[in-house]
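Numbering of ligands and ligand atoms starts at 1, following listing order. Computed from heavy atoms alone, side chains included, the values below leave out hydrogens, waters and symmetry copies. Sequence positions, counted from 1, serve as the residue numbers for this chain.
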Amino acid sequence: MSMHIPFDNTYAALPPVFFSSQKPTPVRAPQLLAYNEGLAELLGLPDAGQDELAQVFSGNHLPDGSAPIAQLYSGHQFGHYNPQLGDGRAVLLGEVVGTDGQRRDIQLKGSGPTPYSRSGDGRAWLGPVLREYVVSEAMHALGIPTTRALAAVATGEPVYREGALPGAVLTRVAASHLRVGTFQVFAARSDTRSLQQLTDYAIARHYPAADGPMGLLTAVRDAQAALVAKWMSVGFIHGVMNTDNCAISGETIDYGPCAFLDTYHPDTVFSSIDRQGRYAYANQPDIIVWNLAQLATALIQIMPDRDAAVEEATAIIHATPTLIRGHWLRLFGRKIGLAQAQEDDMALISDLLTRMAQEQADFTNTFRALADGTARAQFTDPTSYDAWHSDWQARLASEPDAPALMRATNPALIPRNHRIEQMIEAAVAGDMAPFHRLLSALATPYDDNPAVADLARPPLETEIVPATFCGT
Ligand code: AMP
Ligand code: MG
């Protein structure tokens, strides 16, 4: 008897051009490494034993009602259009409507080859699976829209990358897996019928109030503008903002080479394949605009009057930088204790960031320390902080709730890259304790928790992780 999941599938009911039916490839010896009980409850999943969970979330047991598919999409990767991507190592088991009334996808990642795999093996190794598990759950706890992690299962099989590594499957939960690239693939084929169906589907699923393709574009723009500002506010670098990794729902998706800033510098890049710094920390707002322009280009195809649509879409896209700037100002204002930052506060915030970059201040710890008056110790030359401090104090005079606001806005804990790498190293050696400790600490990132002070510490010289890698 397989676990009963109350599936309610809508994507698999679309015409076959949208996907390929694809069962997960069974694995040898599935072993449950992590299971997100809270999320399972939200999804309305029944209780099940460890073995059954391992069988289901490795893809060995297909639950009744699942309609496993690999979704088709395309996308721009580092600015170059790739006409066919699609789930090359993922299978959508189906959708469920949670106890909160929200519809979500349940997808296995690392579940074997699909027609879209091209030369890949369709598998994932333990490292990226645990990285995504921890970072996506940390993002959720930070209050940032994101896909979630439901389960991680070791497959008992090796995958071959640089050498043999332990294989694993991640179960990802998302508002949907519709991407900018899902629209691009049909636009590139001039398949306007499918593009229209997809647009109707996306509106019904995510933005029921949106009016037509331009309404959808506006809604996605608003969601993505808010998202990127939130990334900036916690020092998150996505690392691979290709249009296939840009979700229509406005959730953060694809935790391949992502990383959080330790020392603040706007040009920071971690991804080993991002040689030009296209997806550097400070470039992220511009890249969102670029990605939205690709969505606009696709959607224009199904507008009755193309010239008028180009004009309308251009106006929608051109408004994005102002929207992002507004979110940024509000969030960074709160980070320095201002309940309602005003336009002239931009200079005060920027001045702090400039000094932080010059004096190699830790992004997370500097902002956190503002509330308790110890920020100056974060600067190589503390007098650089002092010069800013007096201007800040003058502005704070009219902000009685500043310390509480700052503590609620500036996390004490983020998933630091070196801790993730150490956790992965331990897991590969069979020790899952650091994974569970990291995960549980990151569930309450705004609390002061002396028991995990080590996780708040920036990396020592010897611990710095200079580069991150895609999950492939
Ligand atoms: P990702 O970095 O997972 O977003 O991958 C980008 C594209 O490469 C998608 O089409 C993936 O499905 C595909 N891909 C990445 N890794 C693999 C793999 N190991 N096997 C098959 N396809 C892969
Ligand atoms: Mg991707």
Practice item. May I ask you to check whether Y133 and Y255 place their ring centres under 6.0 Å from each other? Key: no
Practice item. Give a yes or no on whether the ring-centroid distance for Y201 and Y11 is below 6.0 angstrom. Key: yes
Check your understanding: Nearest 0.5 Å, what's the CG-OG1 distance between L142 and T444?
Key -> 10.5 Å
Study note, to complete from the structure: CD (E137) and CG (N36) are apart, to the nearest 0.5 Å, by 4.5 Å
With a cut-off of 4.0 Å, which atoms of ligand 1 are near a heavy atom of [X]?
X: G122; value: 18 (C), 19 (N), 20 (N), 21 (C)
X: D254; value: 1 (P), 2 (O), 4 (O)
X: N245; value: 4 (O)
X: D87; value: 12 (O)
X: L85; value: 10 (O)

For [X] and ligand 1, does the shortest N/O to N/O distance drop below 3.5 Å?
X: D121; result: yes
X: R89; result: yes
X: C470; result: no

Check your understanding: Any non-hydrogen atom of G256 lying under 4.0 Å from ligand 1?
Key -> no
Check your understanding: Applying a strict 4.0 Å limit to heavy atoms, is R161 in contact with ligand 1?
Key -> yes
Practice item. Start with the C-alpha distance between R131 and N417, add both sets of side-chain angles, then the distance that settles side-chain hydrogen bond (donor to acceptor under 3.5 Å, both in side chains), and finish with yes or no. Key: CA-CA 9 Å; R131 167 182 280 270; N417 225 2; 3.0 Å; yes
Review point. Is a donor on one side and an acceptor on the other found under 3.5 Å between the side chain of N242 and the backbone of F78?
Key: yes
Review point. What do we get for Y255 next to ligand 1 when only non-hydrogen atoms under 4.0 Å count, side chain, backbone, both or neither?
Key: neither
Would you say [Y] and [X] are linked by a side-chain donor-acceptor pair, where the criterion is simply a distance under 3.5 Å?
X: T243; Y: Q184; value: yes
X: D191; Y: S194; value: yes
X: E52; Y: H61; value: yes
X: Q55; Y: D51; value: no

**Study point:** Proximity winner for atom 10 (O) of ligand 1, if only heavy atoms of G88, G86, S74 are counted
**Key:** G86
Review point. R416 pairs by side chain to side chain contact (heavy atoms under 4.5 Å, CB included) with which of L438, D362, L455, L261?
Key: D362
Review point. Are the charged groups of D286 and R278 less than 4.0 angstrom apart, N to O?
Key: no
Point to revise | Atoms named by residue and atom, protein N, O or S, within reach of the Mg ion (ligand 2) (under 2.8 Å) | key: N245 OD1, D254 OD2
